[in-house]
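These notes are about the structure you will find just below.
Quick note on labels: first sequence line is chain A, next is B, and so on, each numbered from 1.
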Amino acid sequence: MPDGSGHMQPYLDQALEGSGSFAGAGTDWVDALRRDGAHAYGLHGLPKRRDEYWRYTNLNALADEQFRLSDGAPAIGLPSLPHKLVAELATYRVVVVNGRLRPDLCALGELPDDVLVSGLEDMLTAAPARLEPYLGKIIRLNDMPMAALNTAFLNDGMVMFVGDGIVLDKPVHLISITAPGADAMMVQPRHLVVMGKDTTATLIETHITTEGGSSFNNIVSELHLDEGANLNHFVFQEESKTTVHLSGTAVAMAAKTTYDSFVLQSGAAIGRSEIRAYMNGPGSDCRLDGVYLATDKQVVDNTTFVEHAAPECRSRQVYKGVLDGQSRGVFQGKVHVMRDAQKTDGHQLSRALLLSPRAEIDARPELEIYADDVKCSHGATAGELDEDLMFYLLSRGIPREQARRMLIEAFLSEAIAEIPLEQVAEDFTTHVRQWLVDNVDAHAGQDAT
Amino acid sequence: MALLEIRNLHATVDDKPIINGLDLTIGGGEVHAIMGPNGSGKSTLSYVLSGRAGYEVTEGEVLFDGKNLLEMEADERAREGVFLAFQYPVEIPGVTGITFLRTAVNAVRQHHGEAPFDAMDFVKFVREKAAGLNVSDDMLKRAVNTGFSGGEKKRMEILQMAALDPKLAILDETDSGLDIDALKVVADGVNAMRTKERGLLVITHYQRLLDYIVPDHVHVLAKGRIVKSGGKELALELEESGYAEFLEDAA
Ligand SMILES: Nc1ncnc2c1ncn2[C@@H]1O[C@H](COP(=O)(O)OP(=O)(O)OP(=O)(O)O)[C@@H](O)[C@H]1O
Ligand SMILES: [Mg+2]
């Protein structure tokens, strides 16, 4: 509903109504944090085209349809997971259904002593003091209106603390399930990861939707990396095509840290992964990579912001995607190099393959540099399958549909080859292959001119 | 029945006539060489025969093993047994040589009702063929032609031909860019494939290749037509006289 200034702020009333019953209500700083979120979202409203980071992804669907906040996690069991090798991988399993931790589905036995994996709701109730130095400290509410909305709904999600010096023996697998009922449903999960000094961990996320009505999943994750911390982060976004999936991740990187992120998006009606990395200490390394696959009328958005605030840091971004049907891809990436961030090495690249004349990509890689001794580059390409390569494969007897699949897979494989965890890389590849069989073969003949 | 029969072929690229009434018959077991000045349409002929998009046949017909070749898609022609060794083989990053070869060979095998190779059997099969052509395991593991030298690319083309076992092989300037040793390796590879059934169409600018792969017939292509045909001695004559006379004739 529009207010006096003409902008819309749907869901604010739901957040305000609920605030008395959310976890940690009555704890001053928690109440204040939620209020700040509500305030920032109220001022800004739903993102509009003129917002720098929302130029190409339209959220009017969120104003048109009234999504109701899910009232807890339904008693569903663990659905079978789409990725075989990752499913079989020995992991610490955390399951969140509709934004609520489901302890009965988690498998956290044998976690090392100094590692805590828990639900945010439990922590807000039982030990809010432990959260206070971290929760809400990285997200800049004024830059991320949807994260501000999430903050207004702050209640549950996953919390993970990795104590100093720990190298976690197994990855943590966060399985995030959106389980709508018959009506339009909204969830607002909030995750927090705190990596102590000289730690190493891997976090895998799988996002899926069970059958039901439409849904809106608005996730925020805050990742704190203390000196010498290393976090590998792999995300599979495979929500249903009746879901709006918005994910906002903010990473604070102290000195000598590495953050290595790889996001595969092939699900959702609108799927957006926004990652903001703040490189606050020298000698750190940030990799943001992604692959996306879209068809029909899907919108898939990868938005990144890397702030080089300290010298001698390196950031690399490679996003590659395949767009079919009338789908739209968005890549917006900014590398912001501040005055003191000398010897910054920052690169970003967006490459899109357009398989149909009605598919579109908006790519806007950007460098903003205030230091003078830096090495930065950016680039974006978009195009169709190379006809010369196609003919080479055909001339060897490879049928056209198979040749198309081989070339598309080859295009993506360079990016997937960068994934350091073999099972994840293989599952990504398998997933890409299956997607190509399911989506591309169906109308492969149409472009055989 | 001849293996390949081209009758009065006319073809255009971007509406520009390039092949202008070409007749050529190749019988099983024969080696034909085509020579001719730059731009005379040699590569165009090879693309028309292998079915590349954008090469439009405006007149004439081509029978391959008695079948209408021009009605088939490029991939179908290849499975039926037409092979083109490219003048400029492309690089395919992200697809390993061995996967590429196996996919191609299995597509052809399945077309002929044969069981596809599994990965292990295929490695054995291809290693045997590769050994004679000095194609190393490393080259097969790398992405197709990616970062290969000119000579390596040409050897890879011949390996593909050996693996696919075509009825008709068109070699478009397979000798260009090869040093003398590599030329011998490639020529030996090609000669090893000379059989009573297989036809070869060798496009070249140089007599040198024809010393190794001795042709039964030599044709001169100029302005999209065959303007002279003869035996292997014609190649030697051309080496002496050049193409000037044909260019004037055809004009
Ligand atoms: N895509 C195209 N568009 C326009 N003209 C083309 C195209 N491809 C080829 N041609 C023209 O067709 C003619 C024949 O080219 P082709 O490559 O067949 O010659 P060639 O005999 O193989 O020459 P070379 O000995 O240099 O390899 C040339 O004049 C060339 O410019
Ligand atoms: Mg040529």
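Atom CG of residue D388(A) and atom CZ of residue F86(B) lie 8.5 Å apart, to the nearest 0.5 angstrom.
Within 6.0 Å of the CD atom in E114(B), the count of heavy atoms belonging to other residues, nucleotides or ligands exceeds 12. Around CD of E197(B), the count of heavy atoms belonging to other residues, nucleotides or ligands within 6.0 Å exceeds 12. The number of heavy-atom neighbours closer than 6.0 Å to CG of D15(B), taken from other residues, nucleotides and ligands shown, is 12 or below. Other residues, nucleotides and ligands contribute more than 12 heavy atoms inside 6.0 Å of the CD atom of E366(A).
Heavy-atom distances place the side chain of V144(B), and not its backbone, under 4.5 Å from chain A. Heavy atoms of L393(A) lying under 4.5 Å from chain B belong to its backbone as well as its side chain. Proximity to chain A (any heavy atom under 4.5 Å) is shown, for V95(B), by both the backbone and the side chain. For E76(B), no part lies near chain A; criterion is any non-hydrogen pair under 4.5 Å. In this structure, no portion of R77(B) lies under 4.5 Å from any heavy atom of chain A.
Under a 4.0 Å N-O distance rule, the pair E157(B)/R396(A) qualifies as a salt bridge.
For the pair M390(A)/D75(B), no side-chain contact is recorded, criterion being any heavy-atom separation below 4.5 Å from C-beta on. Within the 4.5 Å cutoff, the side chain of S395(A) has no heavy atoms near those of the F83(B) side chain.
Taking A163(B), A74(B), A104(B) one by one and counting their heavy-atom pairs under 4.5 Å with chain A, the maximum is reached by A104(B). Interface check for chain A: of the options V82(B), L101(B), V105(B), T103(B), the most heavy-atom pairs under 4.5 Å are formed by T103(B). Taking chain A as the reference chain and counting heavy-atom pairs below 4.5 Å, the highest number among L164(B), V90(B), N106(B), T99(B) is found for V90(B). No other option in I92(B), V108(B), T96(B) has as many heavy-atom pairs under 4.5 Å with chain A as I92(B).
Between E91(B) and L389(A), the shortest heavy-atom contact is O-CD2, 3.3 Å. A pairwise comparison of heavy atoms in G397(A) and A78(B) identifies N-CB, 3.2 Å as the closest pair. Contact detail for A410(A) and P93(B): the closest heavy-atom pair is CB-O, 3.4 Å.
Ring geometry for Y47(B) against F391(A) counts as perpendicular: the plane angle is over 60°, on a 0 to 90° scale with 30° as the lower cut.
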For this session: Evaluate the side-chain contact (heavy atoms from CB on, under 4.5 Å) criterion for residues L394(A) and E73(B): first the C-alpha distance (whole Å), next the side-chain angles of each, then the deciding distance (0.1 Å), finally the verdict.
Result: CA-CA 9 Å; L394(A) 294 175; E73(B) 296 291 331; over 6 Å; no

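Ring centroid separation for the pair F100(B) and Y392(A) comes in under the 6.0 Å cut-off.
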